[in-house]
Amino acid sequence: MRIYAPEGAVGPSAASLAPFEPVLAGKRIGILDNSKPNAGLLLGRVAERLATRTGARVEVVERKNAALPAPDDLLARLAEAEVVLTGSAD
Amino acid sequence: MAEPLEMLDIASEDPEAVRTCYAERGWGDGLPLVAPTPERVDAMLAGSRGDADEPVAVLPPRSGVATRRVIAVNGVLAGCRPEHLPVLVAAVQALARPEVNLRGINATTHPVAPLLIVHGEIARTAGYNAGAGAFGPGNVANAATGRALRLLLLHVADAVPGSGDASTQGGPAKYTYCVAENLAESPWGGYAASVGVDAPSAVTVHCGEAPHNFHDMESSEPAAILDKAASAMASLASNNAPVSGAEFFVMMCPEHAAACAAAGWTRDHVASYLHERARLPAGDLRTAFALRAWAPWQEALPDDAPMALTEHPDNIRVVVVGGPGKHSSVIPSWGMTRSATVPVELVTPGGNRR
């Protein structure tokens with residue numbers, strides 16, 4: 001006998017990742033701090049090390065509420081950077 | 001138009017066999033499942049009109065497309081009957097409202113679960129329990145509809161523990177969490193109409209914790225009854241403490257509601273009193289939570305000021321639920337979410353929607 005699978009289709013994604021920059025020298029690094037404890041500290045240190053190793057520079061630092069989507073104006077400012085670091089949980 | 005749903009071959013429609021077949025693919029809630037055969041799904045869809053494969057909502061984080069057919073499949077799996085499908089469709093519509101913030105609900109480490117409250121005519125005609133033991137167990141409509149909503153979150157939204165659902169401990173309300181409003185014994189009329197949804201039938205979703213009981217056996221004074229609710233609300237142990245714009249749902253039993261109404265108190269009076277009484281010193285809240293989402297004027301309160309656990313009385317939602325006895329409950333919020341109330345679209349025997 002046959003039964004249905006329960007998942008349904010996957011809809012179009014709201015956003016996709018930009019292609020990764022092969023060379024970071026001279027590029028701008030952004031940080032999106034999601035306000036979780038130590039997220040800004042962790043991402044800031046990682047960004048500093050990345051900048052030191054590659055010749056990129058940290059230019060945009062933004063902070064958002066952990067539980068809500070980032071507002072459009074914040075995303076527009078971050079879009080000025082070629083690389084954005086984000087993602088930190090509890 | 002969505003793609004046709006995938007079909008699976010299975011040797012038996014025994015609920016244990018369906019559970020095993022699904023579990024091998026990472027599906028199910030751990031309990032036996034009713035086989036979603038085309039015959040059962042068609043019967044589930046018989047009471048609704050239009051294209052069953054048109055999207056009703058897209059559910060994050062998977063961006064899964066919930067059509068009425070997909071909703072019916074999960075309804076069958078959970079043990080729903082065809083008369084429950086309109087409630088389930090409305091519940092999905094409510095969950096997908098942006099103010100509910102379903103992506104956050106599924107992503108958080110908090111044990112939040114959507115409480116589904118059924119209002120109006122369909123609560124009676126489709127057999128939902130608004131009386132004794134309304135939160136369960138024992139009633140098919142409440143149990144199966146709440147379970148189906150969770151199965152939709154697991155399957156369509158991918159709210160699977162450890163991946164799409166990051167809840168640290170999970171919670172029993174994540175199995176099934178559905179109740180009906182006791183409209184017949186509400187002295188204040190229906191909840192849905194009080195928030196501007198004037199339809200014969202409606203549903204509300206409130207994404208919060210499991211209910212916290214409070215009892216008052218001896219008092220007929222509203223203040224004495226409600227001080228106990230306020231005590232449950234004025235706690236550091238809920239997300240309402242660091243998120244001041246969050247809602248509380250206060251589920252009043254008919255006897256407590258009648259005592260308040262007999263003293264001339266309206267639903268708004270109850271909310272205003274609780275807003276006044278459910279307070280903690282602002283300094284205690286600040287000490288407990290470095291990370292806060294408070295209004296600027298609340299941040300300016302001195303440490304010894306008694307601060308309300310929610311910013312405005314409108315955030316205190318009062319619904320009458322339950323049977324005989326003097327037990328009511330408070331349901332705190334996850335925080336960064338708002339409840340949503342939407343009408344249930346019904347199809348009459350003549351085939352007309354209303």
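Note on naming: letters A, B, ... go to the chains in the order of the sequence lines (proteins, then strands), and numbering restarts at 1 for each one.
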_Among residues at least two apart in sequence or on other chains, which ones pass ring-ring contact (aromatic ring centres under 6.0 Å, His included) with B:F248?_
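In terms of ring-ring contact (aromatic ring centres under 6.0 Å, His included), with neighbours along the sequence ignored, B:F248 is linked to no residue.
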*Against chain A, work out which of B:G335, B:P38, B:C21, B:A107 has the most heavy-atom pairs shorter than 4.5 Å and name it.*
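Of B:G335, B:P38, B:C21, B:A107, B:P38 has the most heavy-atom pairs under 4.5 Å with chain A.
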*Pick from B:L291, B:V156, B:L8, B:L154: which one has the most heavy-atom pairs with chain A under 4.5 Å?*
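The option with the most such pairs is B:L8.
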*Considering non-hydrogen atoms only, spot the tightest contact between B:V65 and A:V10 and give its length.*
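Closest heavy-atom pair between B:V65 and A:V10: CG2-C, 4.2 Å.
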*So, for A:G8 and B:V70, which heavy atoms are closest and what is the spacing to 0.1 Å?*
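A:G8 and B:V70 have their closest heavy atoms at CA-CG2, 3.8 Å.
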*In terms of heavy-atom proximity below 4.5 Å to chain A, should B:L77 be classed as side chain, backbone, both, or neither?*
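Side chain only.
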*chain A contact via B:V41 - which portion, at a heavy-atom distance below 4.5 Å*: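 It is the side chain, since no backbone atom gets that close.
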*Name all residues meeting the side-chain contact (heavy atoms from CB on, under 4.5 Å) criterion together with A:A79; count only those two or more places apart in sequence or in a different chain, and write none if there are none.*
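Residues passing side-chain contact (heavy atoms from CB on, under 4.5 Å) with A:A79: none at all.
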*For B:A94, what residues pass the side-chain contact (heavy atoms from CB on, under 4.5 Å) criterion, not counting sequence neighbours?*
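Result, side-chain contact (heavy atoms from CB on, under 4.5 Å) vs B:A94: B:V205, B:A340, B:V342.
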*Out of A:A66, A:G11, A:A67, A:P6, which one racks up the most heavy-atom pairs below 4.5 Å with chain B?*
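Of A:A66, A:G11, A:A67, A:P6, A:P6 has the most heavy-atom pairs under 4.5 Å with chain B.
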*Check the surroundings of atom OH in B:Y175: do more than 12 heavy atoms from other residues, nucleotides or ligands lie under 6.0 Å from it?*
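No - once you tally the heavy atoms of other residues, nucleotides and ligands closer than 6.0 Å, there are 12 at most.
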Just list the donor-acceptor pairs under 3.5 angstrom between chain B and chain A, please.
from: B:E6; atom 1: O; to: A:A5; atom 2: N; distance (Å): 2.9
from: B:L8; atom 1: N; to: A:I3; atom 2: O; distance (Å): 2.7
from: B:L8; atom 1: O; to: A:I3; atom 2: N; distance (Å): 2.9
from: B:D9; atom 1: OD1; to: A:R2; atom 2: NE; distance (Å): 3.2
from: B:I10; atom 1: N; to: A:M1; atom 2: O; distance (Å): 2.9
from: B:I10; atom 1: O; to: A:M1; atom 2: N; distance (Å): 3.1
from: B:Y22; atom 1: OH; to: A:Y4; atom 2: O; distance (Å): 2.6
from: B:W27; atom 1: NE1; to: A:E7; atom 2: OE2; distance (Å): 3.3
from: B:P36; atom 1: O; to: A:Y4; atom 2: N; distance (Å): 3.0
from: B:R62; atom 1: NH1; to: A:E7; atom 2: O; distance (Å): 3.0
from: B:R62; atom 1: NH2; to: A:G8; atom 2: O; distance (Å): 2.7
from: B:S63; atom 1: O; to: A:G11; atom 2: N; distance (Å): 2.6
from: B:V65; atom 1: N; to: A:A9; atom 2: O; distance (Å): 2.8
from: B:N74; atom 1: ND2; to: A:P6; atom 2: O; distance (Å): 3.1
from: B:N101; atom 1: ND2; to: A:A67; atom 2: O; distance (Å): 2.7
from: B:T109; atom 1: OG1; to: A:D90; atom 2: OD2; distance (Å): 2.9

